[in-house]
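Have a look at the structure below, then the notes.
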Number of protein chains: 2
Amino acid sequence: MRIGELAARTGVSVRALRYYEEQDLLASQRSASGQRRYAEGAVDRVQLIQQLYAAGVPSRSIADLLPCVVNGRATPELLERLSAEQARIDSRIEELTSARDRLGSVISNAIANWRTGRSCRPG
Amino acid sequence: MRIGELAARTGVSVRALRYYEEQDLLASQRSASGQRRYAEGAVDRVQLIQQLYAAGVPSRSIADLLPCVVNGRATPELLERLSAEQARIDSRIEELTSARDRLGSVISNAIANWRTGRSCRPG
DNA sequence: CTTGCCTCTGACGTCAACGTCAGGTTTTAG
DNA sequence: CTAAAACCTGACGTTGACGTCAGAGGCAAG
């Protein structure tokens, strides 16, 4: 498929796909005229890239670990990096959870004030 | 306390603290000569700011909700925004969890390959 | 009083992950 | 064949949360 279709099917922009290629995250065949052609697997690949980006994994790390994802092999060193990334994600989840809870108590606190005390209306 | 001490006690840079003030996230008294003076509560406040930043809450939203955190009151509109932020954080946590799991399966897959099949060593 | 560290206000630099525009080629629909 | 739509390669713009540097003042110690 061409880049436009891949963009449509993954929900990421054409520009982003070209950017991924620049960063060696996503390869493409080229047609005789130079247009990018992608196989079906590219859809999955792009979604994985997005997932890792969303997890805050820097693109350099993604570039390093993607081959491993594809062929299922990793050097011990890479395995360590993967575990490290996983740990980073875990602590990030904890941060988020605690932030979420803090927001939650702010909310219920505000609601409680709202019921019992004066409301937020002027006066 | 002065800005250097607050920075040391919160672990954020002096520049960041001045930036927070610029964004109306953190107020300060000024000495006669213009230096910033902070009360004890500033330490907590800065940590809250960090937590929200870490959760991806944009600084404008933080500025809006901080007064509410302080005085425990919120307009219905603000309550809605808080809930929206909470929901955003929740979906972010889900993203991260799924990324984490995906990394996990990559890792265990690699380990399995490592045990059963050929290792990653050349040859 | 001076030395040395802390602080001040601008103001420009940075980095990632793209957005956007320019100027040109290719593919497709009619 | 032609016009529209999609694609190409640069290359500069954007945003957020600061980093960093310049130049000038403030403050406690000796």
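Please read these numbers as outputs of a predicted model, since none were measured by experiment. Per chain, numbering begins at 1; letters A, B, ... match sequence-line order.
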Between [N] and [X], is there an OP1 or OP2 to side-chain N/O distance shorter than 4.0 Å?
{"X": "Ser33(B)", "N": "dG25(D)", "value": "no"}
{"X": "Tyr19(B)", "N": "dC18(D)", "value": "no"}
{"X": "Tyr20(A)", "N": "dA17(C)", "value": "no"}
{"X": "Ser59(A)", "N": "dA16(C)", "value": "no"}

Distance check needed: [N] [atom2] versus [X] [atom1], whole Å only.
{"X": "Gln35(B)", "N": "dC5(C)", "atom1": "CD", "atom2": "P", "answer": "16 Å"}
{"X": "Ile3(A)", "N": "dT9(D)", "atom1": "CD1", "atom2": "C1'", "answer": "12 Å"}
{"X": "Arg2(A)", "N": "dC8(D)", "atom1": "CZ", "atom2": "C1'", "answer": "12 Å"}
{"X": "Ile62(A)", "N": "dA16(C)", "atom1": "CD1", "atom2": "P", "answer": "12 Å"}
{"X": "Tyr38(B)", "N": "dC6(C)", "atom1": "OH", "atom2": "P", "answer": "16 Å"}
{"X": "Arg15(A)", "N": "dC18(C)", "atom1": "CZ", "atom2": "P", "answer": "9 Å"}
{"X": "Glu21(A)", "N": "dA17(C)", "atom1": "CD", "atom2": "P", "answer": "17 Å"}
{"X": "Arg30(A)", "N": "dC8(D)", "atom1": "CZ", "atom2": "P", "answer": "6 Å"}

Practice problem: Using heavy atoms to find the nearest nucleotide of DNA chain C for Gln50(A) and Gly34(B) separately, return the residue whose nucleotide is more 5′. | Solution: Gly34(B)
Determine the contact category for [X]: base if any of its heavy atoms lies under 4.0 Å from a base atom, sugar-phosphate if only primed atoms, P, OP1 or OP2 are that close, otherwise nothing.
{"X": "Ser31(B)", "answer": "nothing"}
{"X": "Arg60(B)", "answer": "nothing"}
{"X": "Arg18(B)", "answer": "base"}

Quiz item: Can you tell me if Arg37(A) and Ser28(A) form a side-chain donor-acceptor pair at under 3.5 Å?
Solution: no
Practice problem: Look at atom CD of Glu21(B) and say whether more than 12 heavy atoms of other residues, nucleotides or ligands are closer to it than 6.0 Å. | Solution: yes
Quiz item: Taking the side chain from Arg92(B) and the backbone from Ala54(A), do they hold a donor-acceptor pair closer than 3.5 Å?
Solution: yes
Quiz item: Between CD of Gln29(A) and OH of Tyr38(A), what distance do you get to the nearest 0.5 Å?
Solution: 10.5 Å
Quiz item: Which distance, rounded to the nearest 0.5 Å, do you find between the CG of Asp64(A) and the OG1 of Thr75(A)?
Solution: 9.5 Å
Quiz item: If you find the nucleotide of DNA chain D closest to Leu17(B) and the one closest to Arg37(B), which residue's nucleotide is nearer the 5' end?
Solution: Leu17(B)
